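Remember, it's a predicted structure, so these values are computed and weren't measured experimentally. Order of listing sets the numbers, starting from 1, for every ligand and every atom in it.
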Amino acid sequence: MVDDTPRYKTYNHPAGGWGAAAATAKVLLEQSVITKGSRALLSMNQPGGFKCPSCAYPDADCKKTLDFCENGAKALAHEATKFRVTRDFFARHTVTELMEQTDYWLEMQGRLTEPMRYDAASDKYVPVHWDEAFATIGRHLQALDSRDEAEFYTSGRTPNEAAFLYSIFVREFGTNNFPDCSNMCHEPTSRGLPLSIGIGKGTVVMEDFEHTDAIFILGQNTGTNSPRMMSNLVEARKRGVPIVAVNPMPERALIRFTEPQDIVQMATFGSTPITSEFVHIRIGGDLALLKGMMKVMFEREAAGEAILDHDFLAEHTIGIEAVRDEVLALAWPDIVAASGVEEAQIRRCAEIYIRARATMICYGMGITQQLRGSELVQQVANLLLLKGNFGRPGAGISPIRGHSNVQGDRTVGIDEKPSEAYLDRVRDVFGFDPPRAHGHHTVESVAAMERGTAKVFIGLGGNFVRAVPDTDRSYAAMRKLALTVGITTKLNRGHLVHGREALILPVVARSEAIRTALGEQFITVEDSFSNVSASRGVLEPASPDLMPEVEIVCRMAMATLPASKVPWADYIDDYGRIRDRIADVYPAIYSDFSERIQAPNGFHLDVPPRRRVWQTANGKANFLVLPGLEVNAPVADPEMLRLATVRSHDQFNTTIYSYNDRYRGVYNDRMVLFMNAEDRTCRGLEAGSRVALETISDDGIDRRVEGLTLLDYPMARGSVAGYYPELNPLLPLDYHDKTSGTPAAKSIPVRVVAG
Ligand SMILES: Nc1nc2c(c(=O)[nH]1)N[C@H]1C(S)=C(S)[C@@H](COP(=O)(O)OP(=O)(O)OC[C@H]3O[C@@H](n4cnc5c(=O)[nH]c(N)nc54)[C@H](O)[C@@H]3O)O[C@H]1N2
Ligand SMILES: Nc1nc2c(c(=O)[nH]1)N[C@H]1C(S)=C(S)[C@@H](COP(=O)(O)OP(=O)(O)OC[C@H]3O[C@@H](n4cnc5c(=O)[nH]c(N)nc54)[C@H](O)[C@@H]3O)O[C@H]1N2
Ligand SMILES: [Mo]
């Protein structure tokens, strides 16, 4: 009997270590793929093998014979699973019945095996021939009154080749409606950073960890969401590099970690303390912290110390005066109140930064998913610019990306706001005139569905309806559509919340071999450090009726655009030809793609700020002002708490691997609310009691989630946390960063009520 009673206990051990090793073995066992999975893990992130389907953290440059983590192993085991969703499965369950099941149950049914279409008469999915599926898509798309009535979503597991062709297909079709997962994720990086430093990507590469003198980690749960980065942190720490972690939750792996690949540490039950300074920030308080650190620097400069990099500032930057004036005018009590951090600690952080010759700042969703996330990212850049922390070994800005190819998809054209220069290249290379009007990002696409102006939704990967805000509204919006298409590996909620017609198109997964008429093909991905490398699946596809994503895109295009100017059929079999076209459209970064991709570890895309070249309007790096200390709109309600919706250790976004969250000591439950005991007692609530959360908003919509168990947890005061996607019903669609469209999923104003 499996014990599934909820349990909550404090986790006092280091993260990683034997717990991680045991979890790896357990998931292989659960998915019944011990031999197959272990064999595949040997090829993961190795030259000639495939890229981990989990996060976008780069490989260890061949230094390791094994280069995977516990959570990469979970992703692989769930992809390589022995379980299958067959036509018999769909014959046994109506869609209404399947809607009653949990996300976890849907995921555990296994891999999709053949294309299916929704049959309204029986309320079931029934088998459909691939040709008929593509004909259905072509018919719907051709029938639209306007090409802008279709929404083409991309999730970040899609490889470069498929994403590039998709962007060409959709533009030839006639719209720039490219909602993608990045719109909910690192879009503030993609939109905010170009104004600062001329590129919306990170500037750090792997070697920088060997040269850095200080590492700051803001709003990122490294040990869970990019565990392979822990090796770099452990190495840096052993060199004596100070590491500052800024987080409203004291994430376990950032405090103490045992490197599962360090045999001695494993054998001796040793571990490495990670953070030298843990900054217990209140949600949204990072702005005040960054400004406090800058204030210390400006004040000491004014007192005669030489702290800033004046040569760099003079030669490379514009706008420091306005930032200095704004920051110097801020009062310490306000900075302390807004950050929730004592002045003395802010000064210590400033001291670490001032002393370091080279600093890198890494950040995640705690920074981007705020109401003014784009401008907050620019403040991170301001701090780095003060000491010339670009274009120097060991220094730079490092947005830690999410999905394994989310950065690559944007690089090769998944962009609802394409530049004119790029559109000109597409026109010249492919001979059609792409539309110039900007399209919808994710939030706008849901709004269009709600209005009824969107009719067709095609999802290249992902689980759109579960990932977006305002669950109830989004479900209703999705159900108005004429056609929904899910191009995926696994059954998910997105297939069940569907349009009048619906298709499920199952794909060959990352770990599986892609064979075409011309033999085995490989795909490419770009990691968080802008390195592009090849990925060759080693496993047999889960079913003979799966189709590679590239072929699906080509055949959608052929069915929709019979007079296309693009030779789609040629690309189905020969991925080298796709890469040649990528090189044609992006000559500055992708020239000689086919040759360069032969290098065992791939190649690095040029990131101009690494050369101190700034592709901004004025050719300089820009200091940008965000006045005040708040990234979130003030809320008058004295009961208000800020809610961060976060990932557990056992999920990949909307995919739930189990109900446990080991490092936070939660077992067999995801309906929990992490709260500071003092916030709890001053509200007269009991630990362990059932509560509900209500969103505080002025749009007249009641948003409520019930049945949450209240847990005492060392949260920063005024900040609470719970799990995504269960708490997405609380996140209003309109509550997003206006610059990037990214929902502020880390700072939802809520009130706790008895549940
Ligand atoms: N195993 C696994 N790996 C993943 C994923 C996964 O789901 N599972 N998802 C992938 C994807 S798509 C992404 S985008 C990344 C996400 O990786 P992360 O960026 O680590 O994502 P989150 O778990 O959402 O939480 C971010 C952290 O922000 C903190 N935080 C919340 N509010 C604030 C704040 O105001 N300030 C600060 N400083 N911190 C705050 C939270 O406490 C949490 O520790 O991981 C990728 N990798
Ligand atoms: N409240 C709240 N909402 C959030 C977030 C949050 O922190 N809080 N985070 C946001 C973030 S950062 C992101 S990135 C989004 C994630 O949004 P999505 O990217 O849409 O969601 P995923 O859960 O990653 O998608 C999982 C599905 O992808 C499919 N899939 C897996 N592998 C493949 C493959 O190789 N090919 C194809 N075609 N399909 C595949 C499987 O069917 C699986 O069910 O969610 C966002 N939503
Ligand atoms: Mo993400």
Atoms of ligand 2, numbered as shown, that sit under 4.0 Å from any heavy atom of [X]:
| X | result |
| --- | --- |
| N492 | 27 (C), 42 (O), 43 (C), 44 (O) |
| Y153 | 17 (O), 18 (P), 19 (O), 20 (O) |
| V507 | 36 (N), 37 (C), 38 (N) |
| G461 | 37 (C), 38 (N), 39 (N) |
| E549 | 36 (N), 37 (C), 38 (N) |

[X]/[Y] ion pair, N-O < 4.0 Å:
| X | Y | answer |
| --- | --- | --- |
| R228 | D59 | yes |
| E187 | R410 | yes |
| E79 | R157 | yes |
| E114 | R84 | no |
| R191 | E416 | yes |

Please check whether [X] reaches ligand 2 - meaning an N/O of the residue sits under 3.5 Å from an N/O of the ligand, judged on distance alone.
| X | result |
| --- | --- |
| N728 | yes |
| K490 | yes |
| H495 | no |

| task | Kindly write out the residues that satisfy side-chain hydrogen bond (donor to acceptor under 3.5 Å, both in side chains) with D103, not counting sequence neighbours, or none if the list is empty. | result |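 Residues passing side-chain hydrogen bond (donor to acceptor under 3.5 Å, both in side chains) with D103: R466, R493.
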| field | Residues which pass side-chain hydrogen bond (donor to acceptor under 3.5 Å, both in side chains) with H498, listed by chain and number, not counting sequence neighbours | value |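 Result, side-chain hydrogen bond (donor to acceptor under 3.5 Å, both in side chains) vs H498: none returned.
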| request: Could you tell me if any non-hydrogen atom of I487 lies under 4.0 Å from any atom of ligand 2? | output: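 In this structure, I487 qualifies as a contact of ligand 2 - some heavy atom is under 4.0 Å.
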| said: Strictly under 4.0 angstrom, heavy-atom based: which residues surround ligand 1? | reply: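 Contacting ligand 1 under 4.0 Å are C55, N71, C185, G219, Q220, N221, T224, N225, V246, N247, P248, M249, E251, I281, I283, G284, D286, G364, M365, G366, Q370, G402, H403, A644, V646, R647, Q651, F652, N653, K746.
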| Within 45° cone of F522 ring axis and under 6.0 Å: R536 NZ or CZ |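 Judged by the rule (NZ or CZ under 6.0 Å from the ring centre, within 45° of its axis), R536 counts as positioned above F522.
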| task | Assess R670 against Y723: is NZ or CZ under 6.0 Å from the centre of the six-membered ring, and within 45 degrees of the ring's axis? | result |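 Pair R670/Y723 counts as cation-pi.
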| With sequence neighbours excluded, residues passing ring-ring contact (aromatic ring centres under 6.0 Å, His included) with H440 |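 If we apply the ring-ring contact (aromatic ring centres under 6.0 Å, His included) test to H440, skipping adjacent residues, there are no hits.
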